[in-house]
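Remarks on the structure that follows.
Computed from heavy atoms alone, side chains included, the values below leave out hydrogens, waters and symmetry copies. Residue numbers start at 1 and run along the sequence shown.
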Amino acid sequence: MSFLSTAGYLARRAAQKERVRILYRRALKDTLNWAVHRHLFYKDASDLRERFEAHRHVEDLDTIDRLIENGEASYDKWRHPDPYIVPWAPGGSKFTRNPIPPAGIEIIYDYGREDH
């Protein structure tokens, strides 16, 4: 195997590992949207990990690409339609609930002890 083919092989494997890592993290976070309680989430997370571990020792690059594409398609198909968003995060129900006051309004923090 020449140096260029080895470098190409290693680059492709690195890209595949990154895609698998991203897919696993996205699927794991989405599992938390489907499981209401933690004891349900732990079971679903364990099942998800087993699905990934079943193909851990596959070495053929084309087979790995096909498995990743199938996994991404399955993730897109079963993604939660209304994911949970932390209330104070962007898109959450409390995000910017108390916006800063408009310019020209003076806020007095030490009411009753103002210097006159």
Side-chain angles (χ1 to χ4, degrees):
M1 203 183 276
S2 72
F3 175 72
L4 291 177
S5 65
T6 303
Y9 172 81
L10 292 175
R12 188 170 172 192
R13 283 291 297 205
Q16 288 174 338
K17 287 180 182 181
E18 183 70 12
R19 284 179 65 193
V20 169
R21 185 187 65 80
I22 290 170
L23 176 63
Y24 178 72
R25 286 186 56 139
R26 285 173 42 200
L28 189 63
K29 288 180 181 180
D30 195 58
T31 300
L32 191 55
N33 291 327
W34 287 104
V36 181
H37 301 289
R38 283 290 174 162
H39 68 279
L40 299 174
F41 167 73
Y42 293 142
K43 172 77 170 87
D44 293 344
S46 177
D47 294 343
L48 178 67
R49 184 67 183 195
E50 287 175 7
R51 289 179 60 192
F52 274 81
E53 289 290 333
H55 303 291
R56 183 181 186 97
H57 301 292
V58 176
E59 293 294 328
D60 182 36
L61 296 179
D62 295 329
T63 304
I64 294 171
D65 282 334
R66 184 178 47 79
L67 288 169
I68 292 171
E69 289 170 7
N70 290 345
E72 289 172 344
S74 176
Y75 171 74
D76 289 337
K77 179 180 177 184
W78 294 105
R79 196 159 78 189
H80 199 282
D82 188 22
Y84 176 75
I85 301 172
V86 178
W88 51 86
S93 60
K94 289 185 178 180
F95 186 68
T96 67
R97 181 173 286 179
N98 297 320
I100 58 172
I105 295 180
E106 183 180 349
I107 299 176
I108 302 172
Y109 291 106
D110 55 349
Y111 183 75
R113 295 182 295 185
E114 304 90 3
D115 295 332
H116 290 275

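- Among Arg49, Lys43, Arg51, the one residue that satisfies the side-chain hydrogen bond (donor to acceptor under 3.5 Å, both in side chains) test with Asp47 is Lys43.
- To the nearest 0.5 Å, the span separating CD on Glu72 from CZ on Arg19 amounts to 4.5 Å.
- Listed by first then second residue, pairs satisfying ring-ring contact (aromatic ring centres under 6.0 Å, His included) with a partner in residues 53-98 read Trp34-His80, not counting sequence neighbours.
- Qualifying ring pair (Phe, Tyr, Trp, His ring centres under 6.0 Å) partners for Tyr42, counting only residues two or more places apart in sequence or in other chains: none.
- Considering only heavy atoms from C-beta on, Ile64 stays 4.5 Å or farther from Arg12 through its side chain.
- You'll find the side chain of Asn70 reaches within 4.5 Å of the side chain of Arg66, heavy atoms only.
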side-chain contact (heavy atoms from CB on, under 4.5 Å) between Glu18 and Arg21, worked out: CA-CA 5 Å; Glu18 183 70 12; Arg21 185 187 65 80; 2.5 Å; yes
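- Atom CD of Gln16 is separated from atom CG of Asp65 by 4.5 Å, given to the nearest 0.5 angstrom.
- Listed here is the closest heavy atom pair of Leu23 and Ile68: CD2-O, 4.2 Å.
- Here the NE2 atom belonging to His39 is positioned 10.0 Å from the CG atom belonging to Asp44, to the nearest 0.5 angstrom.
- With a 6.0 Å cutoff to the six-membered ring centre and a 45° limit on the axis angle, Arg38 counts as a cation-pi contact of Phe41.
- Across every non-hydrogen atom of Leu28 and Ala45, the tightest pair is CD1-CB, 3.6 Å.
- Considering all non-hydrogen atoms of both residues, Ile85 and Gly92 come closest at CG2-N, 3.7 Å.
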